[in-house]
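To start, the structure under review is shown below, and the notes come after it.
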Amino acid sequence: MQCCTVISDLHLRIAILVLALSGCFPVNVSAQTTPATIQFDSTSGVFRIDAADSTYVFGVNEVQGLQNLYWGGHLAASDHFATAHSLPEVSSFDPSLTVTPQEYVGWGGGLYVDPDLKITFPDGNRDLALKYVSNRIDGDSLSIVMKDISRDIYVTLNYQADGETGILRRSATVENRTGVPFTVEQIAAGTWSLPRGTDYRLRYLTGRWAGEWNVQERHIEPGKTVLESRRGTTGAQNNPWFAIDREGAGDQDQGEVWFGALGWSGSWQISVEQDQLQQVRVTGGPNAFDFAYLLKPHEKLTTPDFYGGYSSHGIGGASRLMHRYEIDSILPRHPAPNLRPVVYNSWEATGFDVNEAGQMALAEKAASIGVERFVMDDGWFGERKNDHSGLGDWYVNQQKFPHGLKPLIDKVHSLGMDFGLWVEPEMVNPNSDLYRKHPDWVLNFPGRPRTEGRNQLVLNLARPDVRAYVYSFLDKLLTENDIAFLKWDYNRNWSEPGWPAAASNSEKNVYVDFTNNFYSILVELRQKHPNVEIESCSGGGSRVDLGVMRYTDEVWPSDNTDAYDRLFIQNGFTYAYSPGVMAAWVTDSPTWVNSRSLSLEYRFLSSMQGALGIGANLNKWTNEDLDEARTMVAAYKSIRETVQRGSLYRLIAPENNSEQSVTETVSRDGKQAVTFAFLHSSRELYPFPLVQLRGLEENSTYTLSMIAGNVDDGTPITASGSYWMHHGLDLKLRGDFQALAFTLTRTK
Ligand code: GLA
C-alpha cells in the first residue's frame, strides 16, 4: 500500500478522503491519524478539544469556575462558542453552583451534586471554592491550574486527547502549599457532562466469581446510580466502565454513545447523576467510602486517569474505539504490544499437585499441538499442598522440584516454548513462615478478628517493608530463572483495612498507597526485566481495569472456562476491553462449572475469539483430540492478528437469552475478516439467521474459507464486499451447541 504511506500534515484529511474514494485506504482505518487539536480562546475563555470524530468544549465562566459547554460529535472549525455563563439560581433550593454543569468543582458554597474534591482543613473548615488560574497547551495535552479563593491549594487538571480515537484522558493533581497538613476526603479525576436530556440509557457491567461481565442496562432517571467497589481492588461486582446512549435511537453500530472507564485498581466509584434540570453528570475516582488521604505540606496527590469517549457508531463503535485505544495507547509496549502467544496452563489439569515429571509430560504434549508458552500454575512453592498453606513463602518446593525450576524450564525451552509461572504476591496464608515471622504485615485492626478468604490474608502493600519484600522476591525469581511470563493472581478482597503502624490521621492513606505501590512494583519489575510479560488475574476477572492494563499484557476474565458460558462472559468483557488481552482457555469436557459437555471444536472456536490458551488435562486427550487441537491451533495462528487487533462487530450478541452468538472481526489492514458463529439449540424448523457481515469494502472481492463447519451449498467462494454485507451467508448450523468459523480474505 505504498500510496498510503507518507502524507503531509496539512492536507491529511483531504488526502485520506481521496485515498478512501480511490479504494487505496482500508475503510476500517478512518481519519484517525489526524492529530488532536486543543485551542484556548483567551477572549472568550473557551477551551476546545477536537480529536477524531469528537469535539469537547468548556470555558471559564463569570465566577471563574470551569463549565462544560459541549461533548459530542465533531463540530465545524467555524463553530464558535461564547463565554460561559453559569446557570442562574433556579430557586433558593437550587443555587447556581449546583445547577451549572461543572467541569471540576470543590465541595463548598451550596453544592449538592457530587463534588470532585472535598477537603477538611485542620481548623475544621471544609469549604473549598476552586477558581481558574491559568492553562498550558502542549500538543495534545492541556493542563489547567485552579486554586481555592483563599487557601494555597492548587489543583491541576490534566487532559490528553487521542487523535486516533477521540478518547480523552483526564486526571487531577492536588497540591498542598498551605504549610499545614489537610485531609482529602473525596477526590475525582473529573466530571463528564452530557448534553441535557431525559432519554438516556446507561450500560454497565456486573458480575461475581465465575460469572463476570454481565451487561446491564437501565434508563437514567432523576437521581444517582453509583457503580463502585469498596473491596480495596477493582472487583467483579461492577467494573469501572460505563456507556450511555439515547434510548431507542441506537443499536450495535448506530447512534450516539458517550462512554468512559476509570483506570484504578483500588476501591473506586463512578456516579451517574441526573439532576433537577435533567443534566446528566458522570464523576469518577477512588471510592469516597471510608476514604481519607492526609496530604502534608508540599505533597501532591494525583487521581487515577478517567477516560471518556464519544462514538456515533453505536455501542459497537464505542467498544471498537476502546479496543483500539487500549492496544495503541495503554498496554505495555504500546502502540505495538506483543501479540498473545498460545498458552498452556496446568491449573485445571493438576490443581496444586504439580511436580517436575508431571509438568514435563504435559509440556511435551502441549508443544506437540503448537503451544508457544507453558505456564505452571499454583502449587510449586513453599509448603503449598492446597489453599491452606504456603502463600508468602516464595521458595521452590523441594519435594516437588528437587533440582529447582531449572530442569523444567530447560525442558520447556528445548520443546520450543517459553516458560511462565503463577504468583500471588500480595497474599499470605496464616499457615506460612512469612506470617509466623511478620503477623503485623497484613491489613488489620489491632485486637479485632482477621477475616480470612480462601484461608488467606491480604499483605499491606502500603507498608514500605512489605513492598520491599514483594519486589525483592519477584526480582529474585525473575533474575534466577528464565521466566517469560508471570500470572499475577489476587484471590480475595480486603477486610479490616487497618494500618496500625501508620499515624492515626494517615491510616486511610492505605487506599491510595497500596494501589500505587502495586503499580510501582510492576513498573520496576518491567524496567529491570523488560522481556517479562504479566497477566492480571484475580480469581478470574476481579482486577481488570485500565489502570492495571498499563503494566500487564493480558488479563484473565473468569475462572469459568465453560465454552458456552464464555460466550456471555467474553461478550460482556469486549464491551469495555480488547479481545487482544482476553485470555481464553480450552478446557476439559464435561466442565467442572456446570457438567456441560461440548465438542472439542466448539470449545476451540469459543476460545479462539480471544487470546487462545489450553487449560485441559492433555494426558486424557486421544490422538484424534491432539490432531484436531493441532489443526485448530494452526488455524488460530493464521487469524490471531485479526482477532487480537482488528475491529470487532457483534453481529448477534448472546444477550436476552439469544439462541445464537455471532462475532466478526476485520483486520486493521482490511484484508481479512474472521467470523465465529454459535448455536445454542435449534427450534422447530427455523434455520440459523442469515449472517450479514459488516466493515468490508463494498467494491472489493473477498474469498471465503472455512475454519470449521459449513455454509449453505449455494454460497459462492468469492464475492464482493457488498454481497457478503447485504446478501449475507446461510450457515449450516442445526442441533444443540453447534459452532462454525470462517474467514474472508480480500483478494481484489
Ligand atoms: C485463581 C485463578 C485460577 C488459578 C487459581 C490457583 O482462582 O483465577 O486460574 O490460578 O487461583 O490457586
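Ligands are counted one by one from 1 in listed order, and the atoms in each one are counted from 1 as well.
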**Request:** Assess whether atom CD of Glu641 is packed by more than 12 heavy atoms of other residues, nucleotides or ligands within 6.0 Å.
**Result:** no
**Request:** Taking only heavy atoms of the protein into account, state which residues are under 4.0 angstrom from an atom of ligand 1, in chain and number order.
**Result:** Trp347, Asp377, Asp378, Trp422, Arg454, Lys487, Asp489, Asn491, Cys537, Gly539, Gly540, Trp556, Asp559
**Asked** So which pairs with a foot in residues 397-409 pass side chain to side chain donor-acceptor pair (under 3.5 Å), sequence neighbours left out?
**Response** Lys406-Asp410
**Request:** Using the ring-ring contact (aromatic ring centres under 6.0 Å, His included) rule, collect all pairs that involve residues 348-367, keeping only residues at least two apart or in two chains.
**Result:** Trp347-Phe352
**Message:** Taking ring pair (Phe, Tyr, Trp, His ring centres under 6.0 Å) as the definition, give me every residue that meets it alongside Trp585, ordered by chain and number, with sequence neighbours left out.
**Reply:** Trp556
**Asked** How about Tyr204 and Phe242: are their ring centroids closer than 6.0 Å?
**Response** no
**Request:** Step through it carefully: locate the ring centre of Tyr577, locate the ring centre of Trp213, and say whether they are under 6.0 Å apart.
**Result:** yes
